[in-house]
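First up is the structure itself, then whatever we jot down about it.
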Number of protein chains: 2
Amino acid sequence: MKRRDFGQYCGLARALELVGERWALLIIRDLAGRPQRYTDLFEGLPGIPTNMLSTRLKELEQAGLVERRIAPAPQRGVLYDLTPAGHSLEPAIIALGRWGAGLLDAKPRPGDVLPPASVTMTLRAVFDAEAAAGLTATWEIHAADMVLYAAVTDGRLEAGVGPAPVDPDLVITFEPEPDDLPSYRSLIRAIKCGLVKVEGRRTLLDTFLRVFAPPQDAQVETSRTPPMGATADGTV
Amino acid sequence: MKRRDFGQYCGLARALELVGERWALLIIRDLAGRPQRYTDLFEGLPGIPTNMLSTRLKELEQAGLVERRIAPAPQRGVLYDLTPAGHSLEPAIIALGRWGAGLLDAKPRPGDVLPPASVTMTLRAVFDAEAAAGLTATWEIHAADMVLYAAVTDGRLEAGVGPAPVDPDLVITFEPEPDDLPSYRSLIRAIKCGLVKVEGRRTLLDTFLRVFAPPQDAQVETSRTPPMGATADGTV
DNA sequence: CCGAATCCGCAGTGATACTG
DNA sequence: CAGTATCACTGCGGATTCGG
């Protein structure tokens, strides 16, 4: 398990030595949502070989970014979780994810899956801290068989996979067309078109859009740009 | 040149498909400082095989992140430069670099080199925008045979490799011990110990420290932490 | 069923030599 | 200077198997 290094005294090079290998950052992103078991990770990472998943987990554990522990009574089994050092990668993951989201095709490729952790990451990436100043509210989002929450406390966001830790102020239920992915984009579109069910303080739906749907998304949705070139040139 | 994809409709996965392969982000970081020729890149990336450099450059060009053009009259030759889409990666690179810098050993490993682009990236990463609010000043840093500049205009930073585009307000000259790398860390340490020559408005030296040397660096320098464990556990 | 280890074929990578 | 060519190597992808 020797690690090839880049021979540079540089923060970026060091970061890439630790998490630059294939699948590593995706594993960390999935764990950032919540601790997961081996099998959960395996299913959220379509195409990853089993040996690679276990190898990466061992490397990340050795690097001090991932922690392996035995799950408590109810479920049993092995749980993988991020250490504080692993969690401190979040700003970088969000920055990379935001950049890549701008280059994403308007529609998923056939066969693409949508990891729940990816949607919460997108929520964190598009979250407009200025627009949310002073705000406190909790949303829970049900999309297909996926459950997420976003909790804003005095302008600070906490987003995660699963039901909200406290009673949500508004529950948004979004049922995409069969074989349609409940991606962040289609969720926003559905909200704007009134195609979602809501339960709770309904005025928080507009608040949600204000805080989580930046203007450029609004433009993309309203201006009917051609499917291909719209977001393909890097103008985030 | 077919690209393996991750099968996820996710910004992070897309980003990694584009720039996740070995050496790619380091190439982009070097180009973020200034356009470079093939040979400059090759020398700044110790150990990269020539065929890999040319392959990566072609891939990045095809992805629309890098542009290849013929240099104008004086030097001639091929110049590689970032496109706007490539430059839009900078926030993500800085975020990753900042994270990795926290895990960097206190001293370079023997044989490590120090790409100039890495130091300017570090400057951008540690730059304290709040402390610099309203400030306007230009520094030029000579360290060993490396020349960098940092220009702050009304609190906004522009840093790059080479002499400052305008007449610098302060020139800092730092001559490290032979066989010592003029890293950001040793530069800050040298300034604090008064081991640098300055030329220009000398009061801007303190300003430099205030804007570019965050408190935790000050602590690391003063508290004489043991060489190993200090920054190795991820507590940035 | 969960959490892997093992084996194989191949694509991506590394080192060197060579060329327009 | 700016690459291409060659070849050995290793990490990765895919499948199967194996122990709690």
Side-chain angles (χ1 to χ4, degrees), chain A residues 1-8 13 16-27 30-31 35-63 66-81 111 113, chain B residues 1-8 13 16-27 30-31 35-63 66-81 111 113:
Chain A
M1 209 173 290
K2 59 181 187 144
R3 321 195 48 59
R4 283 178 302 178
D5 65 75
F6 284 104
Q8 305 185 180
L16 293 173
E17 286 168 14
L18 292 171
V19 297
E21 275 158 288
R22 199 164 162 79
W23 298 106
L25 275 181
L26 292 179
I27 292 173
D30 281 359
L31 290 177
Q36 296 205 250
R37 328 154 132 236
Y38 184 90
T39 319
D40 303 331
L41 288 168
F42 182 72
E43 283 167 8
L45 268 10
I48 191 174
T50 61
N51 58 353
M52 179 133 320
L53 178 54
S54 77
T55 304
R56 287 287 172 272
L57 285 170
K58 259 178 280 188
E59 289 168 353
L60 294 173
E61 192 183 352
Q62 191 173 343
V66 163
E67 205 173 27
R68 183 194 140 99
R69 51 169 215 264
I70 306 303
Q75 59 219 77
R76 283 192 305 146
V78 185
L79 269 189
Y80 292 93
D81 194 4
V113 302
Chain B
M1 208 175 288
K2 59 178 189 148
R3 320 193 49 61
R4 280 180 303 177
D5 66 73
F6 284 105
Q8 305 184 183
L16 292 174
E17 286 167 15
L18 293 171
V19 298
E21 277 157 288
R22 200 162 161 79
W23 299 105
L25 275 182
L26 292 179
I27 292 173
D30 280 0
L31 290 177
Q36 296 205 248
R37 327 155 134 233
Y38 184 91
T39 318
D40 302 330
L41 287 169
F42 181 72
E43 284 167 8
L45 268 9
I48 191 175
T50 60
N51 58 355
M52 179 134 319
L53 178 53
S54 76
T55 303
R56 286 289 173 271
L57 285 169
K58 259 179 278 190
E59 289 168 354
L60 293 173
E61 192 183 352
Q62 190 174 340
V66 163
E67 204 173 28
R68 178 188 199 272
R69 52 169 214 265
I70 306 303
Q75 60 217 76
R76 283 192 305 146
V78 184
L79 268 188
Y80 291 93
D81 196 3
V113 302

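Order of the sequence lines fixes the chain letters, A, B, ..., with proteins taken first and strands second; residue numbering starts at 1 for each chain.
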For [X] and [N], give me the distance from atom [atom1] to atom [atom2], rounded to whole Å.
| X | N | atom1 | atom2 | result |
| --- | --- | --- | --- | --- |
| Gln36(B) | dG3(D) | CD | P | 14 Å |
| Glu61(B) | dA2(D) | CD | P | 14 Å |
| Ile48(A) | dC12(D) | CD1 | P | 10 Å |
| Arg68(B) | dA2(D) | CZ | C1' | 8 Å |
| Leu79(A) | dC2(C) | CG | P | 13 Å |
| Leu45(A) | dG3(C) | CG | C1' | 16 Å |
| Glu59(B) | dA11(C) | CD | P | 15 Å |
| Leu53(A) | dG3(C) | CG | C1' | 10 Å |

Requested in this report: Using only heavy-atom distances, decide whether a donor-acceptor pair under 3.5 angstrom links the side-chain of Thr50(B) to the base of dA15(C).
Outcome: no
Report task. Flag the pair Tyr38(A) / Leu57(A) as yes when at least one side-chain heavy-atom distance between them is below 4.5 Å, and no otherwise. Result ->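 Tyr38(A) vs Leu57(A): side chains touch.
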Query - Close side-chain approach of Gln36(A) and Leu31(A), heavy atoms under 4.5 Å - result: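 Yes, side chains in contact.
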Counting the atoms with a prime plus P, OP1 and OP2 as sugar-phosphate, which does [X] contact under 4.0 Å by heavy atoms, base, sugar-phosphate, or nothing?
| X | result |
| --- | --- |
| Ser54(A) | sugar-phosphate |
| Thr39(B) | sugar-phosphate |
| Arg76(B) | nothing |

Rounded to the nearest 0.5 Å, what separation is found between the [atom1] atom of [X] and the [atom2] atom of [Y]?
| X | Y | atom1 | atom2 | result |
| --- | --- | --- | --- | --- |
| Leu18(B) | Asp5(B) | CG | CG | 11.0 Å |
| Ile48(B) | Leu53(B) | CD1 | CG | 4.5 Å |
| Phe42(A) | Thr50(A) | CZ | OG1 | 6.0 Å |

Would you say [N] has OP1 or OP2 under 4.0 Å from some side-chain N or O of [X]?
| X | N | answer |
| --- | --- | --- |
| Tyr80(A) | dC2(C) | no |
| Arg56(A) | dC12(D) | yes |
| Lys58(A) | dG3(C) | no |
| Trp23(A) | dG11(D) | no |
| Arg22(B) | dG14(C) | yes |
| Arg4(A) | dG12(C) | no |

Distances for protein N or O near nucleotides 6-8 of chain D N or O, under 3.5 Å:
residue: dT6(D); atom: O4; partner: Asn51(B); partner atom: ND2; Å: 3.1

Query - Residue Arg37(A), side-chain heavy atoms: nucleotide from dC2(C), dG14(C), dC12(D) that is nearest - result: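 It is dC2(C).
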Query raised in the report: Do any N or O atoms from the side chain of Arg56(A) and from the backbone of Arg22(A) form a donor-acceptor pair under 3.5 angstrom?
Result: yes
Query raised in the report: So, does Glu17(B) use its side chain to make a donor-acceptor pair with the main chain of Phe6(B) at under 3.5 Å?
Result: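 Yes; judged by distance alone, with no hydrogens or angles, the pair exists.
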**Report entry** Minimum-distance pair of heavy atoms, taken over all atoms of Pro46(B) and Gly7(A)
**Finding:** CG-O, 3.7 Å
